[in-house]
Amino acid sequence: MCGIVGYLGNRNALGPVVDGLKALEYRGYDSAGIAYINGGDCRVIKKAGRVEALEKLVRKEKAVPKLALGHTRWATHGAPTTQNAHPHFNHDKTIMVVHNGIIENFQVIKDRLTELGYQFSTETDTEVIPHLIEYHYKQSGSFEAAFEKTIQELEGAFAIVAISSLAPGQLFAARLSSPLVLGVGEDEFILASDPSAIMEHTKKVIYLEDYELAIINHDSYKIRNFDRSADVKKTAEELDFDLELAQLGNFPNFMLKEIFEAPQTIKLATLGRIRPASGTVKLGGLVDVKEKLKLIERIIIVACGTSYYAGLVGEYLIEELAHIPVEVQLASEFKYRFEPFSPSTAVIAISQSGETADTIAALKKIEGRHMLRLGIVNAVGSTIARMTDAGVYCHAGPEQAVASTKAFIAQVCVLAEIGLHFGNGKMKDRKNFLRELDNLPKKAEAVLAQADKIRKIAEKYTHFQDFLYIGRRYGYPCALEGALKLKEITYIHAEGYAAGEMKHGPLAMIDKHFATFAIAADCPLIEKIYSNISEIKARGGPIVAVATEGNRQIKKMVDDVIYIPKTLEQLQPILVAIVIQLFAYYAAIKLGRNVDRPRNLAKSVTVE
Ligand code: F6R
């Protein structure tokens with residue numbers, strides 16, 4: 001979703017701001033803009049479309065400003081036009097504002113300001129902010145006070161950065177439910193929605209919390225709690241973010257790079273945590289809540305999208321490994337649902353970005369209910385990582401492509417580890433399980449070695465407009481995730497279904513124009529999966545299947561087979577995930593799609 005960058009320092013601010021916007025492109029956006037202060041003047045440049053187009057305009061600027069801000073917009077209020085792009089400003093362009101989130105009471109503010117003679121030129125909620133700052137500035141004569149007063153009046157979710165020729169050496173920022181990080185460099189400050197726009201310049205960061213605002217001068221900064229109107233003492237912490245991991249290397253795009261990181265992802269998610277020789281699992285992130293974990297009798301997993309599907313795999317894993325009942329809920333439903341809770345229930349939030357608005361809202365819903373809140377998060381220091389009582393990091397490194405790939409793999413690894421941790425000896429053959437998990441990177445390599453074969457198969461299926469993904473048990477969430485991957489990056493209609501449901505409806509759709517992707521890796525229900533496949537074949541439906549190496553029978557039943565190495569059924573989702581990701585990826589490339597930034601989607605969904 002929208003990305004924000006702000007810069008105040010000794011360099012030409014346009015460089016770090018444009019570079020920062022490029023680093024944030026992966027979040028998804030439809031227009032971009034920058035504003036800067038040079039001498040006593042404010043200048044703004046905006047453009048619908050890519051940052052590249054904006055950069056061409058910015059390069060023509062002769063000024064060398066030391067203070068600037070930039071924004072990539074993912075439209076919520078108003079069409080994705082140049083006019084609606086950020087920054088937004090007041091009537092004489094002395095105040096420039098960028099904003100991520102939604103101002104829920106913008107109409108009330110707009111009506112009030114309109115009555116006072118203020119005029120608006122865009123359809124956005126953001127435009128009320130510079131006008132309201134101007135209004136308060138006229139009352140108090142202090143820009144700092146006007147900024148704080150304005151922020152206090154806003155309702156909703158926001159990260160806001162402002163600059164003004166009325167305060168030409170200062171950068172202003174505020175946050176409520178939308179991420180904002182301040183990088184503290186040598187003689188410079190960089191503000192951004194996430195560390196990927198900062199890490200090139202400094203590893204020292206301050207995460208702004210809800211209700212915090214920052215006033216940044218050339219050589220100092222001040223953080224205030226705008227709810228309490230009080231100063232807050234904060235010092236910079238070290239960023240745990242590997243720059244190399246965020247760069248493309250020899251890959252044509254981030255999605256392929258991230259799929260190929262699967263073996264390393266498994267290693268990083270298990271490193272130092274699993275001990276196959278002793279059959280033990282050590283999760284440092286759960287040590288502090290060791291005693292509370294012993295009292296847990298029920299687990300609710302909340303997440304969205306791919307993380308939700310990883311949660312569904314986790315349901316099977318934790319129930320089987322730990323014998324604790326697990327329920328997986330979409331965060332967007334959980335937060336509006338009435339249900340009885342007890343303190344013996346733990347809620348596990350799964351999120352790659354750690355910034356997904358619905359997942360954050362789900363955690364907020366249970367605040368004060370004395371329930372343990374755990375996180376399985378990839379982005380270190382993100383909101384969810386900080387708001388949970390304890391958790392286990394995925395350690396998958398930055399995921400840049402919009403479609404989640406390696407994060408799913410890391411999440412499933414962590415869920416298996418949590419299952420064993422909770423199980424505390426309930427599973428009979430822990431050593432064997434951990435040995436298999438330890439060997440999985442090699443098996444993932446073997447799947448990746450078949451990329452070219454998978455490409456050829458995927459390309460054969462790109463003319464289909466409809467796809468059904470089916471699976472049973474651990475294969476069922478894989479089917480859901482396979483369908484999501486296909487639809488989000490190819491735009492082909494795809495549905496995931498439990499194979500056992502075929503006769504309860506979906507079979508009616510099957511004919512030679514409706515293709516099926518069957519998850520048919522070895523499992524106790526393989527014969528039943530064969531029956532489902534036969535029913536589809538009997539109705540002329542083309543089928544591609546993923547099966548376990550050595551399964552000759554399936555070759556005779558389907559049109560194409562992709563094999564994965566033999567492993568435990570509980571760990572199959574990790575290998576199957578690589579196949580479905582590559583299948584969707586190559587189909588999308590064949591169709592000429594932008595795999596890293598599919599249309600209408602954003603990487604982190606920071607609004608409801
Ligand atoms: C799909 C995808 C999304 C995310 C979802 C949750 O490929 O990326 O469905 O999984 O938006 O995001 P996180 O995990 O960041 O909370």
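Atoms within each ligand, like the ligands themselves, are counted from 1 in listed order. Every value quoted in this text rests on a predicted model; they were computed, and no experiment measured them.
- Proximity of a side-chain donor or acceptor of E258 to a complementary backbone N or O of S404 within less than 3.5 Å is not detected.
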Cut-off 3.5 Å, no hydrogens considered: what does the side-chain donor-acceptor table look like for residues 578-590, sequence neighbours left out?
from : atom 1 : to   : atom 2 : distance (Å)
Q581 : NE2    : T405 : O      : 3.1
Y585 : OH     : N253 : OD1    : 3.4
Y585 : OH     : N253 : ND2    : 2.9

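- The structure places SG of C394 at 8.0 Å from CD of Q352, a figure rounded to the nearest 0.5 Å.
- Side-chain N or O atoms of Q450 include none that pairs as donor or acceptor with a backbone N or O of I562 at under 3.5 Å.
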Between ligand 1 and the protein, give all atom pairs where both partners are nitrogen or oxygen and the distance is under 3.5 Å, as lines of names plus distance to 0.1 Å.
from     : atom 1 : to   : atom 2 : distance (Å)
ligand 1 : 7 (O)  : T306 : OG1    : 3.2
ligand 1 : 7 (O)  : S404 : N      : 2.8
ligand 1 : 7 (O)  : K485 : NZ     : 3.0
ligand 1 : 7 (O)  : E488 : OE1    : 3.1
ligand 1 : 7 (O)  : E488 : OE2    : 2.5
ligand 1 : 8 (O)  : V402 : O      : 3.2
ligand 1 : 8 (O)  : S404 : N      : 3.3
ligand 1 : 9 (O)  : T306 : N      : 3.2
ligand 1 : 10 (O) : T306 : N      : 3.1
ligand 1 : 12 (O) : T356 : OG1    : 3.4
ligand 1 : 14 (O) : S307 : OG     : 2.6
ligand 1 : 14 (O) : Q352 : N      : 2.7
ligand 1 : 15 (O) : S351 : OG     : 3.4
ligand 1 : 15 (O) : Q352 : N      : 3.4
ligand 1 : 15 (O) : S353 : N      : 2.8
ligand 1 : 15 (O) : S353 : OG     : 2.6
ligand 1 : 15 (O) : T356 : OG1    : 3.4
ligand 1 : 16 (O) : S351 : OG     : 2.6
ligand 1 : 16 (O) : T356 : OG1    : 2.4

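- Checking side-chain atoms of H86 against main-chain N and O of H99 turns up a donor-acceptor pair under 3.5 Å.
- In terms of modelled atom types and a separation under 3.5 Å, the side chain of D30 and the main chain of A75 share a donor-acceptor contact.
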